[in-house]
K.L.:
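What follows is a structure written as structure tokens; I'll ask about it next.
For clarity, every value in this text was computed on a predicted model and none was experimentally measured. To find a chain, count down the sequence lines: A is the first, B the second, and so on, and within it residues start at 1.
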Amino acid sequence: MANIKTSSENKTPTKTLPGFIISNPTHKPFRNSNNNLQLLRITITKNETKVDFGYQATSYYTNGGWIKISPKTFIRPKGSTQKLVLTNATNIPYGPEKLHFNSSIEWRYFSLHFPSLLDLRDSKKSMMFESTSLAVNAIDLIEAENGTDNDFNFYDIQLNDETKKLMIY
Amino acid sequence: MPPPSEAALRYAIIDRCLTNLYKPFPTMNDLKYTIERELKTSVSTATIQKDIAQMKKGEDEDGYNAPIKFKRSNQGYYYDLEKYPNFTIRSLGLNEKESEAIELAASVLQQFKGIKVNDSYNHAIDKLYSSLNIKKSDKDKSLTNAIQPEETTYMQGMEHFEDLVKSIKKKIPVSFIHYSYDKKLFKSIIIHPYLMKESNKRWYLVGYSEEHKEVRYFGLDRIYDPILIDREFIEHHGNDLRSLFDNKIGLTNIQSQKNKNVPQEIVLWVSRKMANYIKSMPLHKSQTHEEYNGYGDIMVSINLVPTFELVAMILSYGKHIELISPKWLRQEIEEELEASVLKYKRKKYHG
């Protein structure tokens, strides 16, 4: 642990924890024109990697437009070809089904679920962990390779910025 | 207002039977007869057996830890008073007047039964009723039917209420996603929670926001997916947070105000038609007033941090309340009213 002083360090140094979150992870800018999709938080547990997003409908589209997510969406350790494919999506439908907004002031908080990145850790997979350090430093989240501005593609999402990591209680 | 649950009423009757010194060791038939007579409804033996089993359970299972035993020789039930002297689920030991006062309070609490504050809440209310021995057959003369508080409607985000209160009590920081209605933006927030604050029937989480580096409040309806996190808790060392809200009606400061948390003297003219209402139920505890013209109009003075909720309240009285000072706030209200009048005159949505 570099900069974060957690209560687990103060009280029970050997405490094992159920997982950690990365709040407001840094990543390469998402599209140049629209910032109506925000990558907000990543939760990594032994069971899954959950990525939380917020989407603000815009007046650019009639009645705020729509959203959907491809079931082929995956996360990929940066520089690797290994893909961890979407296992579930909360509050957003799989394409081709769409969630249509009724107006440009509507919004949607949704989550994408992937296999656990802890499976890529150096340490024993089956054990609960005692630190937040991952073997993977950064990932890309790809809805469509070489996609358009409409695809939910995020690159170079940083996972090991200790200032943004927090252990789950 | 819903009455206490049937089960809670049956527990109270069973308890009374088991503590009746004149008729010890009530049999199953005795219990059945008494319950049916008092509740004016039929009840099965199996239900009473289940009730007894439930009463014997611990508090963690919503029971009473009741030491109920069965005596074969009498074929009747009893409390094991050797181990638990004077046991009764009505253990509050209140006299009639006190019971009535608590019953009144409980009936006010009943209004929250409809909202999903806490799964244990409904049970707690039922338990309170049974502890007070309030019978359904009494309901026509009961205080619960004599008062009707305002109904509380369900607010989005109330499902997080219990977890957030727990995090406040245990001093555990929380990560959540917040959506701002004004900015139309999401934020991932880390908060060190201090207080749940209700304002205008909305609940807010008050705490130190790491993002904003100050104490902030967040409406529960805009909070998503809270996660308790293991991180050193930042205590609040300033003034008592509750006192921060003493000088406000509502929570939302008016942005244009320079010293936004400093109370100001706000002077209002109140028409003779509204004066008695404002005198009998002051707008704020700081309110003072003086007669204005001898015809019943009054000048009211309150010492408050100006908020949007205060302005909304003033506007709700229409022509009967006029804000005199401070001038900057009078100007804002004037602009608001002019915009409203303009809107009405345009009749854009007129049928």
K.L.:
May I ask you to establish whether B/K197 and B/Y204 are in a cation-pi arrangement, using a distance under 6.0 Å from NZ or CZ to the six-membered ring centre and at most 45° from the ring axis?
P.N.:
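No, cation not above the ring by the 6.0 Å, 45° rule.
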K.L.:
Counting only heavy atoms closer than 4.5 Å, note whether B/E211 contacts chain A via side chain, backbone, both or neither.
P.N.:
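For B/E211, side-chain heavy atoms alone lie under 4.5 Å from chain A.
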K.L.:
So which residues of residues 183-192 of chain B are in contact with chain A at a heavy-atom cut-off of under 4.5 Å?
P.N.:
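At a heavy-atom separation under 4.5 Å, chain A is reached by B/K184, B/L185, B/F186, B/K187, B/S188, B/I190.
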K.L.:
Describe, in one word, how the ring planes of B/W203 and B/F161 are oriented to each other, choosing from parallel (under 30°), tilted (30 to 60°) and perpendicular (over 60°).
P.N.:
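Perpendicular, since the angle between the ring planes exceeds 60°.
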K.L.:
When you measure from the centre of the six-membered ring of A/Y155, is the NZ or CZ of A/K28 under 6.0 Å away and within 45° of the axis?
P.N.:
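Relative to the ring axis of A/Y155, which defines the angle, A/K28 lies outside at least one limit.
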K.L.:
Side-chain donor-acceptor pair under 3.5 Å between A/N137 and A/N160, yes or no?
P.N.:
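Per modelled atom types, A/N137 and A/N160 side chains form a pair under 3.5 Å.
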K.L.:
If I measure from the heavy atoms of chain A, does B/L228 come under 4.5 Å with its side chain, its backbone, both, or neither?
P.N.:
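Both parts, heavy atoms under 4.5 Å.
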K.L.:
Looking only at side chains, do A/T163 and A/D161 share a donor and an acceptor under 3.5 Å apart?
P.N.:
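Indeed, the side chains of A/T163 and A/D161 share at least one donor-acceptor pair under 3.5 Å.
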K.L.:
According to side chain to side chain contact (heavy atoms under 4.5 Å, CB included), who are the partners of A/T43, at least two apart in sequence or on a separate chain?
P.N.:
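A/T43 satisfies side chain to side chain contact (heavy atoms under 4.5 Å, CB included) with A/I21, A/R41, A/T45, A/K50, A/D52, A/I168, B/I227 only.
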K.L.:
Classify the ring geometry of B/H178 against B/F218: parallel below 30°, tilted from 30° to 60°, perpendicular beyond 60°.
P.N.:
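The arrangement is perpendicular - the two ring planes meet at more than 60°.
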